K.L.:
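My questions all concern the structure below.
Keep in mind the model is a prediction, meaning the values are calculated, not measured. Only this structure's heavy atoms are used, side chains among them; waters, hydrogens and symmetry mates stay out.
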Amino acid sequence: QVALVESGGGLVQPGGSLRLSCAYSGLTLDYYAVGWFRQVPGKEREGVSCLLNTDDNTYYADSVKGRFTISRDNAKNTVYLQMNNLKPEDTAIYYCVADEDIVLTLVQRMCTTVPAYWGGGTQVTVSS
């Protein structure tokens, strides 16, 4: 059973930084992707950043490029999202997401599709 547990959300002023963490478990297939989506009430979910277990290629939404960095600690089965220069429009619930398959191409585009597994979410609020 796949489990995703987020931590690290909170309230921060514009221009500030936060780091989200997600401990994941239960991914057993050859290929998997982990990453982050976000959602503002009344708006569509947005794939923020994702990475694969096979290499260091990463995906970033255009709205966060240059400000957010995704990384992982394989020994801890944890994925991180370092968010710098936060803006009020980054305010959202951030969800840790994951997907897995025996076919690489089916998980390569997780950030632009609908991941199979979701964490409970953590609120990020950027406000002065």
Side-chain angles (χ1 to χ4, degrees):
Q1 185 174 356
V2 176
L4 306 170
V5 180
E6 305 101 332
S7 61
L11 173 64
V12 64
Q13 292 187 340
S17 298
L18 279 176
R19 189 176 81 155
L20 305 182
S21 300
C22 173
Y24 56 90
S25 61
L27 296 168
T28 61
L29 299 184
D30 290 346
Y31 304 109
Y32 66 84
V34 290
W36 300 90
F37 269 59
R38 66 185 180 185
Q39 187 166 27
V40 176
K43 293 188 177 181
E44 297 235 344
R45 293 174 296 192
E46 175 186 27
V48 176
S49 185
C50 300
L51 54 75
L52 299 173
N53 67 319
T54 56
D55 55 39
D56 291 329
N57 286 330
T58 54
Y59 169 93
Y60 292 99
D62 288 342
S63 56
V64 306
K65 283 181 180 176
R67 300 188 297 121
F68 290 12
T69 303
I70 191 170
S71 61
R72 65 168 178 255
D73 184 331
N74 290 330
K76 296 182 179 180
N77 279 358
T78 300
V79 60
Y80 305 97
L81 186 68
Q82 178 66 44
M83 305 185 293
N84 297 330
N85 190 21
L86 282 160
K87 303 176 181 181
E89 51 264 41
D90 295 317
T91 296
I93 299 174
Y94 283 72
Y95 296 91
C96 182
V97 295
D99 210 339
E100 60 177 354
D101 208 284
I102 59 174
V103 179
L104 177 60
T105 54
L106 294 180
V107 295
Q108 278 181 320
R109 297 184 178 182
M110 184 182 73
C111 254
T112 58
T113 59
V114 180
Y117 305 107
W118 293 71
T122 185
Q123 177 71 46
V124 171
T125 302
V126 185
S127 175
S128 55

K.L.:
Nearest 0.5 Å, please: how far is OG in S21 from CZ in R72?
P.N.:
15.0 Å
K.L.:
Within this structure, what is the CG-CG distance for the pair L104 and L29, rounded to the nearest 0.5 Å?
P.N.:
12.5 Å
K.L.:
If you measure from CG on D101 to OH on Y32, what distance do you get to the nearest 0.5 Å?
P.N.:
14.5 Å
K.L.:
Is there side-chain contact between R38 and V64, with heavy atoms separated by less than 4.5 Å?
P.N.:
yes
K.L.:
Kindly compute the distance separating OH (Y24) from CD (E100), expressed to the nearest 0.5 Å.
P.N.:
11.5 Å
K.L.:
Listing request: all disulfide (SG to SG under 2.5 Å) pairs with a residue in residues 83-128, at least two apart in sequence or in separate chains.
P.N.:
C22-C96, C50-C111
K.L.:
In terms of ring plane angle, is the pair Y94 and F68 parallel, tilted or perpendicular, where the classes change at 30° and 60°?
P.N.:
tilted
K.L.:
Under the 3.5 angstrom rule, does the side chain of Q1 hit a backbone N or O of G26 as a donor-acceptor pair?
P.N.:
no
K.L.:
Any salt bridge linking K87 with D90? Criterion: basic side-chain nitrogen under 4.0 Å from a carboxylate oxygen.
P.N.:
no
K.L.:
Say whether L86 and F37 are linked into one hydrophobic cluster, either directly or through other cluster members, by side-chain heavy-atom distances under 4.5 angstrom.
P.N.:
no
K.L.:
Flag yes if Y95 and M110 sit in one hydrophobic cluster, no otherwise; membership is Ile, Leu, Val, Met, Phe, Trp, Tyr, and two members link when side-chain heavy atoms are under 4.5 Å apart.
P.N.:
yes
K.L.:
With a 4.5 Å limit on heavy-atom distance, are the side chains of L20 and V124 in contact?
P.N.:
yes
K.L.:
Indicate yes or no for a side-chain donor-acceptor contact from S49 to the backbone of Y59 under 3.5 Å, with no hydrogens or angles considered.
P.N.:
yes
K.L.:
When you compare the side chain of T58 with that of T69, does any pair of heavy atoms fall below 4.5 Å?
P.N.:
no
K.L.:
For the pair D73 (side chain) and T78 (backbone), establish whether a donor and an acceptor sit closer than 3.5 Å, ignoring hydrogens and angles.
P.N.:
no
K.L.:
Indicate yes or no: at least one non-hydrogen side-chain atom of R45 is less than 4.5 angstrom from one of W118.
P.N.:
yes
K.L.:
With no hydrogens and no angle check, just 3.5 Å: does a side-chain donor-acceptor pair link E89 and S63?
P.N.:
no
K.L.:
Look up atom CD in Q123 and atom CG in L11, then write down how far apart they are to the nearest 0.5 Å.
P.N.:
9.5 Å
K.L.:
If you group Ile, Leu, Val, Met, Phe, Trp and Tyr by side-chain heavy-atom gaps below 4.5 Å, do Y60 and L18 land in one group?
P.N.:
yes
K.L.:
Which residue in the set S128, P14, S127 passes side-chain contact (heavy atoms from CB on, under 4.5 Å) when paired with P88?
P.N.:
P14
K.L.:
Would you say V79 ends up clustered with V2 if hydrophobic residues are merged whenever their side chains have heavy atoms under 4.5 Å apart, either directly or through other cluster members?
P.N.:
yes
K.L.:
Can you get from I70 to V34 by hopping between Ile, Leu, Val, Met, Phe, Trp and Tyr side chains that sit under 4.5 Å apart?
P.N.:
yes
K.L.:
Side chains of L106 and Y31: closer than 4.5 Å at any heavy-atom pair?
P.N.:
no
